[in-house]
Chemist: 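This is the structure I have questions about; it appears just below.
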Amino acid sequence: MGIYLNPDNNDFITLKQSPICVDKSLLIKYTNSRLNIKERFLCIARPRRFGKSTDAYMLVAYYSKGCDSSGLFDNLKISQCNNYHQHLNQHNVVFINMLKFYKQSSSVDDMIDYMNDDIIDELLEEYDFKTNRHTLTAAFSKIYAKTKTKFIFIIDEWDCVLRNKDIVEKDKVKYIDCLDVLFKDQPYVELVYMTGILPITKSDDQSTFNMFDEFTMISATPLEECMGFTVEEVKDLCTQYQMDYEEVKSWYDGYHLNNQVSIYSPRSIVQALTHKSCKSYWVDTSNFEDLKLYINMNFDGLKDDIIKLLAGERITINPRTFRNDVSLLNDKDDVLTLLVHFGYLGYDQDYDEVYIPNKEVVDSFSRAISQLSWKETEIIKNSQELLKATWNQDEEKVAQYIEKAHQQVSIIQYNDENALAYIVDFAYMAANNYYTILKETPSGKGYADIVFIPFNPIHPAMVVELKWQKDTHIAINQILEKEYYASLKHYLDNLLLIGITYNKDPHSKDYKKHYCKITKYKE
C-alpha cells in the first residue's frame with residue numbers, strides 16, 4: 001500500500017461519510033467491461049466540481065489491492081452486478097493526481113522527472129527489477145517482463161498542463177508524448193481511466209494519443225448518468241432535505257446531455273442543500289477570470305452571440321473543429337465549444353446548438369460582461385432598468401427601453417410579430433435572473449406570447465401579449481378573454497398583464513414607436 005501504487009480507500013471513506021453522497025457505483029460496471037481489452041483507454045472530460053475526483057477515488061477504492069473495501073461497496077448498486085466480487089480489491093492500481101505534481105514543479109520537465117522518481121521509488125519497494133532508463137515506461141516494462149503483472153492506471157486532472165495558457169507548445173507535446181509512450185500498446189496496461197476538463201488535444205500527428213474513447217459534455221454516451229447528478233437523484237435529495245425542487249431546477253438545471261438525461265453540478269446541489277439556499281456556488285474565482293478572458297476575445301460576432309445567449313436564444317456552432325487546446329482558439333465556434341467543456345454553456349447535440357443552461361450561469365455571464373469595457377454593457381444595464389420599470393408599471397419607460405433594444409439589434413428585419421417577440425426577449429434578458437421564461441406556451445384558450453414565472457414570489461408573475469400595428473388595449477383584452485393567465489393560478493394575487501405594440505406605418509407620425517400597457521390582474 002503506497003501513495004501511488006495500490007493506495008488505500010481513505011479518500012472514498014471520507015466521501016461516503018459526507019451527509020450528501022449519491023451512489024454512482026454503476027460506473028464500475030462499465031469500467032469492468034473494459035478491463036484487458038483493446039478498448040481499455042477511457043478519458044472522461046467534464047467541468048470543475050462535476051465529480052471527476054470523486055469517481056476516481058471510488059475506482060481506486062474498488063480496484064486497489066492495498067485495501068479492503070467490501071464494507072464500502074456492499075450496500076451500493078455495483079454490489080448487485082455479477083462480477084462485483086471478481087474485481088473487488090483484486091487489481092494493482094496506480095493512482096496519479098497530475099495537478100499535485102504540476103503544482104509542485106517548476107517546469108514540465110521537472111514535473112515529468114518528479115513523477116518518474118516518486119512512482120519508481122514505490123515500484124522498487126514492491127518489485128525487484130533493474131533498469132538503465134529512469135522512466136515509468138521502462139520500469140513497468142521490466143516488471144511485466146519478469147512477473148507478467150498488469151496495472152490499472154487512474155489519472156486525475158490529466159489535462160492540467162494543457163489548460164495552462166502559458167505553457168509553450170513544445171512542452172505540451174513533451175507531456176503528451178510521455179503519456180502516449182507510457183500507455184499505448186503496452187502489455188502491462190489493464191485499464192487507463194483519465195479525468196480532466198478538456199478532451200484529448202487533437203494533434204497534427206494523428207497517431208499520437210489516439211487510443212482513448214472520450215466521454216464529454218458534447219458526447220457523453222453511454223456514461224451520461226455518471227457525468228453529474230441526474231434529475232431523479234436531485235428530486236430525491238430535495239425531498240430528503242425539504243427543498244423546493246422547482247426552485248433548485250431553475251437555478252441549476254440545464255445540462256441536457258441527450259433527450260433522456262439532464263444533469264446538475266454536484267457542487268451546486270450539495271451546497272444549496274447544505275445551506276438551504278439557492279445561489280451561485282459553482283463558479284470560483286479562476287473560472288470567472290477565464291470566462292471574462294474568453295468572451296472578450298475579438299472574434300467576429302462573438303459579442304453579439306453572447307448577448308443573444310443572455311437573451312435566452314440558442315446559437316448554432318461547429319464543435320468538431322476545436323482542437324481541445326486553450327491556446328488554439330481560431331474562431332467564435334472554438335470559444336463557444338470551450339465554454340461547453342468548462343460548463344458555462346449547455347449543448348444540444350441534435351441541433352449543434354449552445355445555450356446558457358441556468359440562472360447560476362446567467363449570473364456569471366452578467367457579472368463578467370459588467371466588468372468588461374464593452375459598449376454592449378449598456379444593453380445589460382438597459383435590460384435591468386426595463387425590468388424595474390415593468391415592476392413599477394411605468395408604461396412609458398417600458399416602451400422607451402424596448403425601443404432602445406430595437407435600435408441595439410437593428411440587424412433584425414422588423415416586419416412581423418416574431419421580430420417584435422425577438423426584440424422583447426432581448427430587452428428582457430435580465431429577467432432570466434428572476435424568472436422562468438416560457439414562450440408561445442399553451443395557456444387558457446390559446447397560446448400566450450411570453451409568460452414570466454418568478455423564482456421568488458416577491459416578484460410579480462407576468463403575461464405579455466405582443467401586437468403588430470394594433471392598440472395595447474386589444475393585447476390586454478386578448479389576455480383576459482383567452483385566459484392566458486390560467487397557468488399562473490398560484491400567482492393571481494401578484495400578476496401583471498402586459499401589452500406591447502409597435503407602429504410600422506411609415507406615413508404615421510408615430511412610425512417605429514412602441515407602446516406599452518400594464519394592468520394588474522384582478523379577479
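Owing to the predicted nature of the structure, the values given are computational and were not obtained by experimental measurement. All values below were derived from every heavy atom in this structure, side-chain atoms included, with hydrogens, water molecules and symmetry-related copies excluded. Index from 1, following the sequence.
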Chemist: Any idea which heavy atoms bring Ile437 and Ala431 closest together, and the distance?
Modeler: CD1-CB, 4.0 Å
Chemist: Can you tell me how the ring of His459 sits relative to the ring of Tyr435, calling it parallel under 30°, perpendicular over 60° and tilted otherwise?
Modeler: tilted
Chemist: Would you say that Ile200 contacts Asn324 through its side chain, given a criterion of any heavy-atom pair below 4.5 Å between the two side chains?
Modeler: no
Chemist: Has Lys359 got its NZ or CZ under 6.0 Å from the middle of the six-membered ring of Tyr434, at an angle within 45 degrees of the ring axis?
Modeler: yes
Chemist: Are the side chains of Leu27 and Tyr193 in touch, meaning some heavy atoms are under 4.5 Å apart?
Modeler: yes
Chemist: Between Phe342 and Met217, is any pair of side-chain heavy atoms under 4.5 Å apart?
Modeler: no
Chemist: Around Lys276, counting heavy atoms of other residues, nucleotides and ligands shown, do more than 12 lie under 6.0 Å from its NZ?
Modeler: yes
Chemist: State whether the side chain of Ser383 and the backbone N or O of Ala427 hold a donor-acceptor pair below 3.5 Å, judged by distance alone.
Modeler: yes
Chemist: Is the NZ atom of Lys439 crowded by more than 12 outside heavy atoms at less than 6.0 Å?
Modeler: yes
Chemist: Would you indicate whether Glu385, at its atom CD, is surrounded by more than 12 heavy atoms from other residues, nucleotides or ligands within a distance under 6.0 Å?
Modeler: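 Result for CD/Glu385: enclosed.
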Chemist: Can you spot which of Leu339, Leu345, Thr337 makes a side-chain contact (heavy atoms from CB on, under 4.5 Å) with His341?
Modeler: Thr337
Chemist: Backbone N or O of Gly254 within a donor-acceptor pair of the Asn358 side chain at under 3.5 Å?
Modeler: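 A pair under 3.5 Å: no.
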Chemist: Does Lys29 NZ have over 12 foreign heavy atoms under 6.0 Å away?
Modeler: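 Incorrect, the count does not exceed 12.
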Chemist: Has the side chain of Thr195 got a donor or acceptor atom that lies under 3.5 Å from a matching backbone atom of Glu157?
Modeler: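 Yes; at least one donor-acceptor contact below 3.5 Å.
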Chemist: Strictly distance-based, threshold 3.5 Å: is any side-chain N or O of Asn296 a donor or acceptor partner for the main-chain N or O of Lys292?
Modeler: no
Chemist: Checking Asp348 side chain against Glu353 main chain: does a donor-acceptor pair fall under 3.5 Å?
Modeler: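 No, the answer is negative, given that no donor and acceptor are paired below the 3.5 Å cut-off.
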Chemist: Passes side chain to side chain contact (heavy atoms under 4.5 Å, CB included), Ile28 versus Asn32? Steps please.
Modeler: CA-CA 6 Å; Ile28 298 169; Asn32 281 346; 3.8 Å; yes
Chemist: Just by modelled atom types, is the Ile518 backbone N or O under 3.5 Å from a matching donor or acceptor in the Glu395 side chain?
Modeler: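 Yes: the side chain of Glu395 pairs with the backbone of Ile518.
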Chemist: Counting neighbours of CG on Asn456 that are heavy atoms of other residues, nucleotides or ligands and sit closer than 6.0 Å, is the number greater than 12?
Modeler: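 It does: Asn456 CG has more than 12 such atoms within range.
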Chemist: Taking all heavy atoms of Thr390 and all of Met462, pick out the closest pair and write down the distance.
Modeler: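 Taking every non-hydrogen atom into account, CG2-SD, 3.5 Å.
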Chemist: Pair Phe50, Tyr255 - check ring-ring contact (aromatic ring centres under 6.0 Å, His included), show working.
Modeler: CA-CA 11 Å; Phe50 268 66; Tyr255 298 99; 5.4 Å; yes
Chemist: Could you please spell out the steps behind the ring-ring contact (aromatic ring centres under 6.0 Å, His included) verdict for Tyr428 and Phe452?
Modeler: CA-CA 10 Å; Tyr428 276 103; Phe452 294 79; 5.4 Å; yes
Chemist: Take atom NZ of Lys24 as the centre, draw a 6.0 Å sphere, and report whether it contains more than 12 heavy atoms from other residues, nucleotides or ligands.
Modeler: yes
Chemist: For the NZ atom on Lys397, are there more than 12 heavy atoms of other groups (residues, nucleotides or ligands in this structure) within a distance under 6.0 Å?
Modeler: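 Incorrect, the count does not exceed 12.
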Chemist: On a heavy-atom basis, which atom in Gly499 and which in Ala475 lie closest, and how many Å separate them?
Modeler: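 So the two residues come closest at CA-CB, 3.7 Å.
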Chemist: Quick one: does any side-chain atom of Gln349 pair with a main-chain N or O of Leu257 as donor and acceptor, under 3.5 Å?
Modeler: yes
Chemist: Taking atom OH as the centre, does Tyr30 end up with more than 12 heavy-atom neighbours from other residues, nucleotides or ligands that are less than 6.0 angstrom away?
Modeler: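 Yes, the 6.0 Å shell around OH holds more than 12 heavy atoms from other groups.
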Chemist: Do Tyr485 and Leu480 make a side-chain contact, defined as non-hydrogen atoms from C-beta onward lying under 4.5 Å apart?
Modeler: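 They are in side-chain contact.
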Chemist: Hey, are Arg320 and Asp352 close enough for a salt bridge, meaning a charged N less than 4.0 Å from a carboxylate O?
Modeler: yes
Chemist: Does the structure place the NZ or CZ of Lys235 under 6.0 Å from the centre of the six-membered ring of Tyr245, at an angle of no more than 45° from the ring's axis?
Modeler: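 Yes, Lys235 and Tyr245 form such a contact.
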